[in-house]
Structure formats: structure tokens, C-alpha cells
Amino acid sequence: MFQHLDRLSPDAILGLMAQFRADPATQKVDLGVGVFRDLNGNTPILECVRRAEQTVLKAQTTKSYVAAAGRAEFNDAVEELALGASRAAPGARRVRTAQTPGGCGALRVGAELIRAAAPKTTVHVSDPTWGNHISLLGSSGLKLERYPYYDARRRELRFDDMLAHLDRAAPGDVVLVHACCHNPTGADLSMSQWKRLTELLLHRQLTPFLDLAYQGFGSNLEDDAAGIRLVVESVPEALVAVSFSKNLGLYRERAGAIITVSETESRADAAQSHVLQIARSIYSMPPDHGAAIAACIFADPQLRRSWIEELGAMRDRIAGMRSLLASHLRATTKDGTFDFLERQRGMFSLLGVSSEAVEALRARHHIYMLGDSRMNLAGITPGNVAYVAEAIAAEQ
Ligand SMILES: Cc1ncc(COP(=O)(O)O)c(C=O)c1O
């Protein structure tokens, strides 16, 4: 059977990680893999997570199954975090949430739900988007199209082109939108743009699929969700994929959730019954440990305060490195070409240089970023920023 399988080329990000590890250079910089890093280059366990984990382990009396929907208290808190205390009214009872294995699990379950409800649906994803969106949504058999989102050369959003594309989409199509800290561009919609997008979704009868993977990495937990809350309270139906990999640093614990928003309470129950059936047929139940930790943090006012502080520190570190790199580049290139880095948000930006320049940065300077020039700003430190800025100025 396996003789029919050709060997696939390695995943671009995993391949780059392996190349970085194998590079013997003493001065090397990893701007590739999408994890937060502190000033020492470590991806730390948050203090609130350490404390919650102790509590969870002490209280645990069984390893018996939880449920296909995971922990009810986790789901409840996630709904409130993502959609706000009003749960994006009107008719808040039209919202249902199921815990999933990370944001990827949520995206995949969401895709399967769309396929179950309307197999001919086209899902429109941003150009560019996070590479895994294509595999997670595409492997469910749904048709994908790309809407223009960002011009990497000009380093600006293509919002009018985005609306023009979506204005031609068929009624019932789905639009995947990054909630904040767009991956890979770091370029987000302003509130007035969210408003115009919402009007278009309503007018063209398009269903939003909102990907919330970096809540708190842009401005704060509330403001980063303001765009998706506006959408959810305005449209009849929506999907939200939530991930706690980054904002709780729970990457390997796989904590996430899929939220469905339906027109009525009974439709919400029907949609949720499909979500649970889909989960059952793929992985049966989500892993418990990460969600138990997250639920403990959400419920305990002290742990929650500590989380908000630690999240703020991660956000400030990235924003600080954005400013520092932009100012070094301004000084080195004697122009403002790279000032955009300071204005964008979250871990990623597209440097906007050619693939040859990306290759030269890797081969000559041992600076690793993805082929489309996506860089993880959390890989920058005060110790390497001058080196990186000079290399970019030399190869741009
Ligand atoms: C845009 C986006 N969505 C979703 C995810 C899901 O992450 P995870 O499955 O690790 O929670 C990521 C992670 O990198 C992401 O960048």
C-alpha cells in the first residue's frame, strides 16, 4: 500500500527549524518559528500557568473521560473572553462552544461543520494567510479562494481590493478573517474597516469564520476582540476558532475552542450536535490538561490578574523589539522604509524583501525567516538587533 506514496517535502517551518538547529554558526538568529521568546530566547512557562498547574494536579482525582465538548467551565469562560460579557448579543443563547485540541483543532472542526452544512461552500482566505489555514480548511474538501489582503512590496493593506473581491462572492460563502495580529503580515483592520466589512458580510449574506489566535498580543484582551464582537453581534451566523497556545503559552497542551453562533437557540443546539459528532469522529475528546489550567486561571481573580500582567509583558516585549528594529533600520538605511514594523502588531511581519534577499540573509548572515520574508519579531533581542538591522540593510 505505501509503495503508492511519494515522499512529501518537509513542512516549510519545520524544515527551517531543523536547518537552524544544524547551523554551526555562533552568531545566528531564528526569526522563523511562531512562538513567543523572552530576552534570553526562551519560550517560558507563564507563572500563572505554573501555579494553576499545581492546583489542577492537586485537585485531580481521576483520568476518566471528560466529554466531546471538553470542560463546561472552560467553554463558558472562553465564550466570555472572546465575545465579551454580553456574549455578543442579541440573543446570546444562540452561542455554543466546544473545547478543541488548540486553534488548529477548532479550525478543522469548523471546516468539517461547514462541509456538513453546505458542502459546496467556498471559503475565502486572505492573501497572504498562515500556511496551515490552507491545509486545515482545504483537507476537509472545501473549495478555497483567496481575497487580496496585503501588499508586501508596498507594505500596506489592500482593504478596498478585499471588499471588491468579497462583493463578488456567492451568497452563503464563508470568509476567514484573522481577529487580530494577522499572521503573517501584522497588519490588522481598523474599527472603521471592521464596520465596513460587517456591512458587506450582511449585505452579501456571507458567513464569517473568525480566527482568534493572538488575543491580547495586539492591544489588550478587550480591544483585540472588538472587531470580531462587532461582527458576531451583527450577523445571523458565525464561527470563531480560539487558541490559547500563544496568549497562555500553552502550545503543546493544545487548548482551544470552536464557537458557533446560530440564528436561534434550536439551530445552535443542532449545530453543536454536529460539532460534537465531528469531534468524536476525528479525535473523540480534546486533551484536558491545558484546558484545566486555562479554566483555573480564568476562574481565579488573582491568577487572572497575573495572566493579564504576564500577557502585557509579552506584548510589550514584542512591541519594544518592533520599535528597536525599526529605529536601527532607520539609522542604517537612512530612510523610513522599515518604519511600518513599528506600526504593525503581534509577533509577525512580512519584511517585504525578495526571496533572494531572504536566502542571502540565511546563507551569509545565518538569519532565518520564512521564504515569503515572514519574520517573528519575538526572535529579536537588544543583543542581536544591530546585527539583524545591518544584515537586512545590506541584503534588501
Ligand atoms: C493564525 C493562526 N491561527 C491559529 C493558530 C492555531 O494554533 P494552535 O493550534 O497551536 O493553537 C495559529 C498558530 O500559529 C495561528 O497563527
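First listed ligand is number 1; within each ligand, the first listed atom is number 1.
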task = Mind checking whether Phe244 contacts ligand 1 via backbone (N, CA, C, O), side chain (CB onward), both or neither, at a 4.0 Å heavy-atom cut-off?
result = neither
key: Nearest neighbour in protein (non-hydrogen) for atom 1 (C) of ligand 1   = Asp211 OD2, 3.4 Å
query = With a cut-off of 4.0 Å, which atoms of ligand 1 are near a heavy atom of Arg254?
reply = 8 (P), 9 (O), 10 (O), 11 (O)
ask   = Counting both backbone and side chain atoms, is some N or O of Tyr251 under 3.5 Å from an N or O of ligand 1?
value = no
message = Under 4.0 Å from a heavy atom of Ser245: which atoms of ligand 1 are those, numbered in the order shown and with their elements?
response = 8 (P), 10 (O), 11 (O)
request  = Using a strict 4.0 Å threshold on nitrogen-to-oxygen distance, state whether Asp300 and Arg51 make a salt bridge.
outcome  = no
request  = Specify the protein heavy atom at minimum distance from atom 13 (C) of ligand 1: its residue, its atom name, and the distance to 0.1 Å.
outcome  = Lys246 NZ, 3.3 Å
query = Would Glu199 and Lys195 pass as an ion pair if we require N to O under 4.0 Å?
reply = no
query = Of all the atoms in ligand 1, which lie at a distance below 4.0 Å from a heavy atom belonging to Ser243?
reply = 7 (O), 8 (P), 11 (O)
key: Minimum-distance protein heavy atom relative to atom 16 (O) of ligand 1   = Tyr214 OH, 2.6 Å
task = Report yes if Gly105 has an N/O atom closer than 3.5 Å to an N/O atom of ligand 1; otherwise report no.
result = no
ask   = Take atom CZ in Arg196; do more than 12 heavy atoms of anything else shown fall under 6.0 Å from it?
value = no
task = Provide the closest heavy-atom pair for Asn75 versus Ala69 in the form atom of the first, atom of the second, distance.
result = ND2-O, 2.8 Å
task = Please determine if Glu342 and Arg330 form a salt bridge, counting it only when a charged side-chain N lies under 4.0 Å from a carboxylate O.
result = yes
message = Can you confirm, on distance only, whether ligand 1 has an N/O atom lying under 3.5 Å from any N/O atom belonging to His178?
response = no
ask   = For ligand 1, is any non-hydrogen atom under 4.0 Å from Cys104's backbone (N, CA, C, O), its side chain (CB onward), both, or neither?
value = both
task = Report yes if the distance between the aromatic ring centroids of Tyr149 and His182 is under 6.0 Å, otherwise no.
result = yes
key: Salt bridge present between Lys28 and Asp23 (N-O < 4.0 angstrom)   = no
key: Residues, nucleotides or ligands: over 12 heavy atoms within 6.0 Å of Glu359 CD   = yes
